[in-house]
Amino acid sequence: MKELPKTYSPEEHEDLIYQMWEESGFFNPDVCVEKGVTEEDAQPFSITLPPPNATGTLHIGHSVMLAVEDLLIRYHRMRGERTLWLPGTDHAALATQEKVERILWDTEQKTRHDLGRESFLKRVDEFVDESRNTMRRQMRKMGSSLDWSREAFTLDADRNLAVRTAFKKMFDEGIIYRGDRIVNWDPKMQTTVSDDEIEWKEETVPFYYFQYGPFVIGTSRPETKFGDKYVVVHPDDERYAKYHDGQKFEAEWINGTITAILIKDPIIDMSFGSGAMTITPWHDPTDFDIAERHHLDKEQIIDYDGHLLNIAGSAFKGLTILEARRKIVEKLREKGLLVKTEDNYIHNVAINSRGGGTIEPQIKRQWFINVNKEFDRDGTQTSLKKLMQEAVREKGIEFVPKRFEKTYFHWIDNLRDWCISRQIWYGHQIPVYYCQNSKQQTTGDTPCQKPIVSIEGLHKCPHCGGKIEQDPDTLDTWFSAGLWTFSTLGWPDQTINLKTFHPTSVMETGYDILFFWVARMILMSTYLLDEVPFKTVYLHGLVRDEQGRKMSKSLGNVLDPLDIIPKYGTDAIRLSLLIGSTPGNDVRLGEEKIASYRNFTNKLWNIARFALQNKSQITNDTFQITSDSGRWILSQMALLIDEVTHDLDKYQFSQAGEKLRDFTWNTFADWYLEISKFEENKKETNNILMFVLEDLLKLWHPFMPFVTETIWQEITNSTEKTPRMLMIEKWPALKKYQDVLSASDKDTADFSTILQIVQAIRNLRSANRIEPKNKLPAILTISKESKSLLGSLEKNKHLILKLRTNLSELEIQTTEKIPENCLSQAVTANISVFIPRGSTIDIEQEHERLVKEETNIKKLIQSTTDLLSNPGYRNNAPAHIVQKTEKLLIGYQKKLTEVQKHLHSIV
RNA sequence: GCGCGAUUAGCUCAGUUGGUUAGAGCAUCUCGUUUACACCGAGAGGGUCGUAGGUUCGAGUCCUACAUCGCGCACCA
């Protein structure tokens, strides 16, 4: 058999291993059933991959997503479930168009209008194709066991059918409507943007007070004031009590005298400014609402490019917002209407999170989803908001961590109608047609005059046969993303895929897109399918740099997975993202951390290397255990399997990983592997090594698939004719361990005592600086009542002698007599270890050490005695806790006696 | 303004129904090359769990207030 290299080199194995997995077809649950890996009636487990934006490449944030989801998928696949992980990409309409437009401008100094809609979209498609290829490669590099045969794209033909079907149903039920409402307009990208896509940026600007008839009004935006003819005050404001609602008055204003009207509305904050404000309903959502309530006129002041309209008068029209602001203030100052200016007014400016354009609210005719409209569902009235609330409150969608439920409900409470139409070119075109025979595209009386919504593309008017035009707008990218869990499974067709895998099991994504996406999937799925899109929402945190800063291109602290994989291997990156982080909390990631997990993969490699070197010819699945150490490691392993399984079921990946690492490195490598070197029954220990290692590889596989599969291949290649794949092995079963362990009747308490004795000896040597070369004899004493230990100690004497204790001999005594002239340590209440002290030993130091120990134990005895003599404790604490404490106290007392005896003996 | 989170060893973080002496990794100190691994091994040091109250026999854990930092939402004339 060839020997493994000393160091594991990920780059030599990872691509080959992935290729082997992919070629096997087992990423596809259907193949697993066909080939008998999964039972046909096995419980399904499904995750739809949150589709990354088709704007370029994956970053380390995507790596968290892939690591967590692949862990879940591999775990459930090994549990024998019918497991599907469905990949895809999001066309990310606005973000992608913006990116391609920028590239177009940078390389050719052309705008999309220079190219025209058709050839611009062709450019976008080319760009997207390339991005998707890059991302597919990256996902494979991360080891993702995605079913590539089902790959989807939010803008392909199947998803377009789903989008049109959804749109039509919502339109027919009156949930989608077209209306002239105030929207967020981005003059830079020439499109509307939804509320959630806005970022608020703090800005310090001057705040002006102007005389407006008898009122003083405050504003930071004088340039919108041309059309203002309403002053609004609070109905309870005593300063304005003498005016009545609807009262007209004259005011000298920018371009002469105007007639204005007073309005009273409780929305006004009396303590802000002068308590009086003028309103601009066309360019402010709050003002729009006031105007709607009081049926006031609305006038457009600013055009869609951000310039003033004719209403501003000849001196101002055509100016940009900032130019106009300065000039208007100047003019009002000249007219003596500027009362005062506050210079350090802080307010928030709305920015489009894609592209950075400053949002100008505008009234526009757009398509909306009405989230409050009541409709009939199985005989009861409901609304989208209600459906979204019920999905979590009653239908049991579970959030991990739970606190995000509150955030979710809070968001729904504040939710307004969702504007779904965009004026960009890239995306699903709105499936609405207008007959050219009707002069205006408005709602009229004849069928031709109404918008026609059609699932199929239309070429002529179905009513009059006239020419037809499609709505030029496209849909908000989150509309199609909202359908993702079921559009990917074949909806609107009632496919077997849909029936089998929907609702999906888990939605795993970053908490930052809870509103954008998670909430909208719940909306769409509950409305269109009458079922939840997923049973559990697992939200991971954001990846930050070592200093806790958000990773960003401008800071230059972005970690690209493709840069670090060659250096440390994919497994190390996955581990550093999975261990030490908890759901919903951000992770700090630095190279140091990744390096430490790289070391761990190498450790596992070397454990396997050792086990393979010692591998006996035959490994039986059942074997007799005769050694105490064997019973011990198997029972430890059984415990580990139980706990890790439990942790994974509860989404406690970090805890599971830590337990695995602790077992692998400390229990298995540092203890059992060393023990195995000295156990006499080589065949038995080698069998146990392999037995534990194989199951350990299975437990680790979901965390670090590459190194575990690589080792697995080495193992199976060396023994079996048809190599198996770890990826489709069954998760370790506890029963195997119980069977082996119950074949022998001993418990394993004795063996952990052996380990404690070894540690005590090492500790004694180290504390007294006894040279390692200096071989010494030692004496163990056991109190009379623990004679039962004697056999076990005798049996494992050879281990105590050899496990880095460097003893020449070991004498075991049952007497209570303390050996003279020795260094000593109490191991347990009943066992002490003694080493003859040579001339070089510092007695004072040893005395000090024992006194310190004595004080510690005394303190413990004191607190335990106090606790036990407290009647409240005895009456209230559960019996088993009290019993435990009592046992503890007895142990402490015995240990104290031991330590005191030792103290006397060295005087 | 409302809400959420964080505050535990030098650093990064675990600590899930309240119950021994609060854990890990990294870093630090001492020692070490033996059937895998120096990307290693042995041993050690290091914390009044942000502050102040409260509930309880018992609080890192539950409650209240406060402080500092971070995030979300709303308002923003």
Within the 4.0 Å heavy-atom criterion, would you say [X] contacts the bases, only the backbone, or no part of the nucleic acid?
X         : value
Asp586(A) : nothing
Thr582(A) : sugar-phosphate
Arg221(A) : nothing
Tyr892(A) : base
Leu514(A) : nothing
Ala767(A) : nothing
Phe207(A) : sugar-phosphate
Gln655(A) : base
Arg588(A) : sugar-phosphate
Pro878(A) : base
Thr601(A) : nothing
Asp269(A) : base
Gly580(A) : sugar-phosphate
Trp665(A) : sugar-phosphate

Within the pair [X] and [N], is there a side-chain N or O less than 4.0 Å away from OP1 or OP2?
X         : N      : value
Asn876(A) : C57(B) : yes
Asn414(A) : G3(B)  : no
Arg762(A) : G43(B) : yes
Gln759(A) : G43(B) : yes
Thr286(A) : C76(B) : yes

**OP:** Give a yes/no verdict on a cation-pi contact between Lys225(A) and Phe210(A), requiring under 6.0 Å between NZ or CZ and the six-membered ring centre and an angle within 45° of the axis.
**Re:**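 The answer is no; the distance or angle limit is not met.
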Original post:
Hey, does the Lys NZ or Arg CZ of Lys340(A) hover above the aromatic six-ring of Tyr209(A), less than 6.0 Å from the centre and inside 45° of the axis?
Top reply: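 Output yes; distance and angle both within limits.
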Original post:
Is the His347(A) to Trp200(A) ring centre distance short of 6.0 Å?
Top reply: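 His347(A) vs Trp200(A): aromatic centres not under 6.0 Å.
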Starting from [atom2] on [N], measure out to [atom1] on [X] and report it in whole angstrom.
X         : N      : atom1 : atom2 : result
Leu660(A) : A24(B) : CG    : P     : 17 Å
Asp413(A) : G3(B)  : CG    : P     : 14 Å
Ile579(A) : G23(B) : CD1   : P     : 20 Å
Tyr873(A) : G18(B) : OH    : C1'   : 12 Å

[atom1] spacing across the pair [N] / [M], given as an integer number of angstrom:
N      : M      : atom1 : answer
C62(B) : C49(B) : C1'   : 16 Å
A6(B)  : C13(B) : P     : 13 Å
C73(B) : C57(B) : C1'   : 44 Å

Let's test your reading of the model: under 3.5 Å, does the base of [N] pair with the side chain of [X] as donor and acceptor?
X         : N      : answer
Asn348(A) : C76(B) : yes
Lys603(A) : C37(B) : yes
Arg598(A) : C39(B) : yes
Arg769(A) : U30(B) : no

Subject >> Contact nearer the 5' end of RNA chain B, comparing Arg874(A) with Leu867(A) >> reply: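 With Arg874(A) and Leu867(A) compared, the 5'-side residue is Leu867(A).
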Subject >> Residue whose closest nucleotide on RNA chain B lies nearer the 5' end, Lys802(A) versus Lys6(A) >> reply: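 Taking each residue's closest nucleotide, the earlier one in sequence belongs to Lys802(A).
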Original post:
Does the side chain of Tyr240(A) come within less than 4.5 Å of His234(A)'s, by heavy atoms?
Top reply: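 No. Closest side-chain heavy atoms not under 4.5 Å.
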Subject >> Tyr873(A) versus Thr885(A), side-chain donor and acceptor atoms under 3.5 Å >> reply: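 Side-chain D/A pair, Thr885(A) to Tyr873(A): present.
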**OP:** Compute whether any side-chain donor of one residue and acceptor of the other, for Thr664(A) and Trp700(A), lie under 3.5 angstrom apart.
**Re:**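 Side-chain D/A pair, Thr664(A) to Trp700(A): present.
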**OP:** Mind running salt bridge (charged side-chain N to carboxylate O under 4.0 Å, His left out) on Arg221(A) and Glu360(A) for me, showing each step along the way?
**Re:** CA-CA 12 Å; Arg221(A) 300 204 54 190; Glu360(A) 185 60 61; 3.0 Å; yes
